[in-house]
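Notes to accompany the following structure.
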Amino acid sequence: MEPQNNTSASEFILLGLSEKPEHEPVLFSLFLCMYVITVMGNLLIILAISSDSHLHTPMYFFLANLSLVDFCLATNTIPKMLVNIQTKSKSISYPCCLTQMYFFHFFGIMDSVLIAVMAYDRFVAICHPLHYATIMNPRLCGLLVGGPWVYSCFISLTHILLMARLVFCGNNELPHYFCDLTPLLRLSCTDTTVNKIFVLIVAGMVIATPFVCILASYTRIIIAIMKVPSRGGRKKAFSTCSSHLSVVALFYGTTIGVYLCPSSVRTAVKEKASAVMYTAVTPMLNPFIYSLRNRDLKGALRKFIDRKTGTSS
């Protein structure tokens, strides 16, 4: 191969969700509304939890971190897509593409691990209620949140280093609305075997393993709840888990479909639809899922809003 052909592409063209120009105004309005709701919802959750001392517990500490990660995950992808639609420019430079991919994987991994951590928190609360405060001490909570930040950084950086060794010498059109790993690998004109193997290993580590841990936690939780003699007690115990189970179904239902399904059944349309679910829909819905079913959080949100509106008036 000639030296000039080994020069990697300096930019990529993000084809977006639709290649039809008449769809762009609708997509812009829809995703702008979704992003505004995502930002407001997740920031309100963080502010309400931080301002109410009654919510300074492990469960709400993990929820505040999940809201922060959801906010960052949406911010990493949606604003760039909105700018591209508005400016009619679909290009993204190679360094910016790698940077976007790094943060996408960083916050995606954080989301997956935090959801598993929250399942463990519910397991301890329901199966070992008398020892909950001792087990879920501040040091362990700090490790359960701080550990995933370091872990996510290492995995994401490895993805980027492996991607940086590839050469993109042909087509630079990416059939996606952000720089995702799988579509980028398809564009490479060099061997991507190592990258694909690492993708499978990481998928097992950050998707399959947390999902199995969640299933194990809820198996124990269900067994413990069924032993509760009163129907009211069982209902109350189940209600504390319903919000988290909804988030688990939303997040893992889409990510497993993208990263663990055989490539033969995946298409660009399915990948984009799944990506919309876990980069836009799930971060937007999580605040509603947790706040609508949680009396304490609804009360904290109401007090926080009342305090701010009272101050402004």
Non-hydrogen side-chain atoms of L185 and M163 separated by less than 4.5 Å: yes

Check: T182/D180 side-chain N/O donor and acceptor closer than 3.5 Å: no

Nearest heavy atoms of C179 and Q100, plus distance in Å: N-OE1, 2.9 Å

Joint hydrophobic cluster, V124 plus I223, side-chain heavy atoms closer than 4.5 Å: no

Side chains of K88 and E24 in contact at under 4.5 Å (non-hydrogen atoms): yes

Flag, side chain of H131 to backbone of M136, donor-acceptor distance under 3.5 Å: no

Verdict with reasoning, D70 to F107, per side-chain contact (heavy atoms from CB on, under 4.5 Å): CA-CA 8 Å; D70 281 341; F107 293 117; over 6 Å; no

Straight-line distance of L63 CG to L114 CG, nearest 0.5 Å: 10.0 Å

Nearest heavy atoms of Y132 and P58, plus distance in Å: OH-CB, 3.4 Å

Parallel, tilted or perpendicular: rings of F211 and Y252 (30°, 60°): tilted

Contact check, side chains of L15 and L174, non-hydrogen atoms, under 4.5 Å: no

D121 side chain to V117 backbone, donor-acceptor under 3.5 Å: no

Main-chain N/O of V206 paired to T209 side chain as donor or acceptor, under 3.5 Å: no

ILVMFWY cluster, I197 and M205 together (side-chain gap under 4.5 Å): yes

Shared hydrophobic cluster, I214 / V212 (ILVMFWY, side-chain heavy atoms < 4.5 Å): no

Any donor-acceptor pair under 3.5 Å from N137 side chain to T134 backbone: yes

Whether F178 and F104 hold their rings parallel, tilted or perpendicular, with breakpoints at 30° and 60°: tilted

CZ on F28 to CG on N84, rounded to 0.5 Å: 11.0 Å

From CA spacing to verdict: ring pair (Phe, Tyr, Trp, His ring centres under 6.0 Å), H128, F123: CA-CA 8 Å; H128 304 284; F123 160 72; 5.5 Å; yes

Y60 to I49 - nearest heavy-atom pair and separation: O-CD1, 3.4 Å

Minimum side-chain heavy-atom gap K90-F12 below 4.5 Å: no

Considering all heavy atoms, the nearest L301-L44 contact: CD2-O, 3.5 Å

Where A119 and I221 come nearest, the two heavy atoms and their spacing: O-CD1, 4.3 Å

From H23 atom NE2 to L30 atom CG, the distance as rounded to the nearest 0.5 Å: 13.0 Å

H176 side-chain N/O to G16 backbone N/O, donor-acceptor pair under 3.5 Å: no

Under 3.5 Å: donor-acceptor pair, side chain of D52, backbone of A48: no

From N171 atom CG to R186 atom CZ, the distance as rounded to the nearest 0.5 Å: 12.5 Å

Sidechain-backbone polar pair: H159 side chain, Y102 backbone, donor-acceptor under 3.5 Å: no

Heavy-atom check, side chain of S152 versus side chain of F106, under 4.5 Å: yes

Side-chain heavy-atom pair L187, N172 within 4.5 angstrom cut-off: no

Gap separating the CD1 atom of I85 from the NZ atom of K80, nearest 0.5 angstrom: 11.5 Å

Same cluster (ILVMFWY, side-chain, under 4.5 Å), V281 and L17: yes

Derivation of the side-chain contact (heavy atoms from CB on, under 4.5 Å) call for H244 and Y290: CA-CA 8 Å; H244 183 256; Y290 279 103; 3.5 Å; yes

Spatial distance of atom CD1 (I225) from atom CD1 (I126) [nearest 0.5 Å]: 4.5 Å

Test item: N195 and R165 side chains (from C-beta on) under 4.5 Å apart, heavy atoms: yes

Heavy-atom side-chain contact between W149 and C153 under 4.5 Å: no

Polar contact flag, side-chain donor to acceptor under 3.5 angstrom, T279-Y177: yes

Same cluster (ILVMFWY, side-chain, under 4.5 Å), L143 and Y120: no

S188 side chain to V167 backbone, donor-acceptor under 3.5 Å: yes

Chi angles and distances behind the side-chain contact (heavy atoms from CB on, under 4.5 Å) call for T282, N286: CA-CA 6 Å; T282 301; N286 281 355; 3.7 Å; yes

side-chain contact (heavy atoms from CB on, under 4.5 Å) evaluation trace for V248 with I115: CA-CA 7 Å; V248 169; I115 291 171; 3.5 Å; yes

Where T38 and A280 come nearest, the two heavy atoms and their spacing: OG1-O, 4.0 Å

